[in-house]
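Input: a single structure, listed below in structure tokens.
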Amino acid sequence: MASIQHRNTTMLRAGMALVLGLVCGSVALAQVASASSPAPPSSSSPAAALPSGGTGRSGPVVASGTVPDEATRAAVIGRLRELYGADRVVDQLSLGSVVAPPQWRDHVSKLLSPALKQVSHGQLAIQGQTVEIRGEVPNEALRQQLASDMAQSLNPTYTVRNGLRVAVQDQTVVDQALANRIVEFEPGSAVLRPASLPLLDEMAAVMARLKDRRFEVIGHTDADGARPANVSLSLARAQAVKTYLTGKGLPADRIAISGMGPDQPVASNATEAGRARNRRIEFRVGS
């Protein structure tokens with residue numbers, strides 16, 4: 001990845017989905033090298049996606065651009081490694097004849113906080129005393145809190161522009177696609193009924209649009225029969241669904257399966273209607 005340099009500009013770039021076309025998100029900063037009045041961030045300014053929350057591993061965090069000295073480079077890279085792990089940080093920073101605003105290293109350290117991990121598909125750009133953060137967060141309270149915390153961590157000469165937006169949760173998207181419908185199987189088997197195939201086609205299309213997500217397909221049964229047999233059946237049904245989805249082009253390594261048998265009912269097993277609801281496939285969105 002080539003370093004991107006602008007006149008009188010230093011930037012830190014972290015490569016991810018929306019900016020660099022990779023898998024997930026990470027962090028990017030831009031620094032105006034002069035302490036003079038900064039220009040506002042533009043569409044050509046370096047930026048990159050921020051990592052989404054969760055426990056899953058994301059792609060590499062790539063730092064590129066020009067910094068004024070080795071101490072600044074070491075401070076930026078060190079802070080990134082603290083946040084994301086040394087094995088994920090790729091150092092492409094170079095040294096050049098640029099002049100950083102006063103105490104720039106300290107301000108960068110404050111902005112590179114664990115709170116950034118709550119932003120997905122985002123950008124963080126710093127140009128002089130102008131800071132702009134973009135991306136998606138789960139709710140309005142967090143959207144306001146992140147920008148407020150950034151502003152309070154900096155001195156009054158800095159301006160924070162809040163470009164964050166509240167995202168629709170991926171799990172909600174999947175749940176709405178399923179719409180309480182049941183994936184049906186032949187009685188006592190893991191053979192999909194033909195009536196279920198259009199539903200699975202819809203699910204495959206929705207899951208394909210969530211390109212940076214992993215999924216778990218979970219099988220459930222009613223309580224009729226022996227529990228060990230029901231657990232095995234629920235796992236086999238989850239596998240049948242996964243096989244169908246991968247046949248539609250979803251990568252197999254993005255889909256895990258599990259079988260819960262009768263252990264997690266959503267209705268009473270005392271009625272046929274309840275048992276029918278308990279015989280189900282659940283789609284869970286991971287990181």
Side-chain angles (χ1 to χ4, degrees), residues 24 52-58 117-118 120 136-142 166-287:
C24 299
S52 57
T55 58
R57 300 285 291 172
S58 298
K117 296 183 179 181
Q118 300 177 87
S120 62
E136 298 179 350
V137 291
N139 54 67
E140 177 63 22
L142 181 59
V166 177
V168 176
Q169 293 296 312
D170 291 342
Q171 185 64 57
T172 300
V173 172
V174 171
D175 291 344
Q176 289 175 345
L178 187 59
N180 294 320
R181 292 176 289 177
I182 302 295
V183 178
E184 298 181 12
F185 296 86
E186 296 298 335
S189 80
V191 177
L192 288 161
R193 283 184 167 175
S196 294
L197 303 187
L199 170 56
L200 291 179
D201 290 342
E202 292 180 39
M203 298 306 297
V206 169
M207 294 163 72
R209 290 198 296 269
L210 302 176
K211 295 182 178 180
D212 61 345
R213 290 298 194 187
R214 296 180 181 273
F215 304 91
E216 184 179 10
V217 176
I218 307 170
H220 301 269
T221 68
D222 60 32
D224 284 355
R227 181 182 177 278
N230 280 328
V231 171
S232 296
L233 178 60
S234 63
L235 182 62
R237 287 178 169 178
Q239 179 61 60
V241 171
K242 175 178 178 177
T243 299
Y244 187 86
L245 294 174
T246 56
K248 293 296 179 178
L250 288 173
D253 61 359
R254 286 177 56 199
I255 304 175
I257 62 170
S258 59
M260 297 292 105
D263 295 344
Q264 296 180 359
V266 293
S268 171
N269 280 296
T271 66
E272 177 52 40
R275 290 191 294 272
R277 289 183 61 194
N278 290 333
R279 297 190 296 267
R280 70 195 190 279
I281 291 291
E282 179 184 355
F283 299 84
R284 185 173 299 167
V285 180
S287 57

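Since this is a predicted model, take the numbers as computed values, not measurements. These values consider heavy atoms only, across backbone and side chains, with no hydrogens, waters or symmetry-generated copies.
With hydrogens and angles ignored, the 3.5 Å screen pairs no side-chain donor or acceptor of Glu216 with any backbone N or O of Ala256. Remark: side-chain polar atoms of Lys242 are paired, donor with acceptor, to backbone N or O of Ile255 under 3.5 angstrom. Formation of a donor-acceptor pair under 3.5 Å by the Asn278 side chain with backbone atoms of Ala267 is found in this model.
At least one side-chain heavy atom of Leu245 sits under 4.5 Å from a side-chain heavy atom of Phe283. Under the 4.5 Å side-chain criterion, counting only non-hydrogen atoms from C-beta, Phe185 is not in contact with Val191.
Ser268 pairs by the side chain to side chain contact (heavy atoms under 4.5 Å, CB included) definition with Ala270, not counting sequence neighbours. In this structure Val206 satisfies the side chain to side chain contact (heavy atoms under 4.5 Å, CB included) test together with Val173, Val174, Ala177, Arg209, sequence neighbours excluded. Gln264 pairs by the side chain to side chain contact (heavy atoms under 4.5 Å, CB included) definition with His220, Met260, Arg280, not counting sequence neighbours. Partners of Asp224 under the salt bridge (Lys or Arg N to Asp or Glu O under 4.0 Å) rule, at least two apart in sequence or in another chain, are Arg275. Taking Ala276 as the reference, Glu272, Arg279 meet the side chain to side chain contact (heavy atoms under 4.5 Å, CB included) condition, with sequence neighbours excluded. With sequence neighbours left out, the side-chain hydrogen bond (donor to acceptor under 3.5 Å, both in side chains) criterion links Thr246 to no other residue.
Exactly one residue among Val183, Val217, Leu178 makes a side-chain contact (heavy atoms from CB on, under 4.5 Å) with Met203. That residue is Leu178.
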Practice item. For Leu250 and Phe215, run side-chain contact (heavy atoms from CB on, under 4.5 Å): C-alpha distance rounded to whole Å, both residues' side-chain angles, the deciding distance at 0.1 Å, then the answer. Key: CA-CA 10 Å; Leu250 288 173; Phe215 304 91; 5.5 Å; no

Practice item. Step by step, work out the side-chain contact (heavy atoms from CB on, under 4.5 Å) result for Asn180 and Arg277. Key: CA-CA 9 Å; Asn180 294 320; Arg277 289 183 61 194; over 6 Å; no

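Counting all heavy atoms, side chain and backbone alike, Ala238 lies closest to Gly219 at CB-N, 3.9 Å. The nearest pair of heavy atoms linking Ala240 to Ala190 is CB-O, 3.4 Å.
Atoms CG and CZ, on Asp175 and Arg284 in that order, are 10.5 Å from each other to the nearest 0.5 Å. Leu233 CG to Thr221 OG1: the interatomic distance, rounded to the nearest 0.5 Å, is 6.5 Å.
Listed by first and then second residue, the side-chain hydrogen bond (donor to acceptor under 3.5 Å, both in side chains) pairs involving residues 230-241 are Gln239-Thr243 (not counting sequence neighbours). Legend: salt bridge (charged side-chain N to carboxylate O under 4.0 Å, His left out) pairs involving residues 181-196, not counting sequence neighbours, sorted by first then second residue: Arg181-Glu202, Glu184-Arg193, Glu186-Arg193. Here salt bridge (charged side-chain N to carboxylate O under 4.0 Å, His left out) pairs that include residues 246-262, with residues two or more places apart or in two chains, are Asp201-Lys248.
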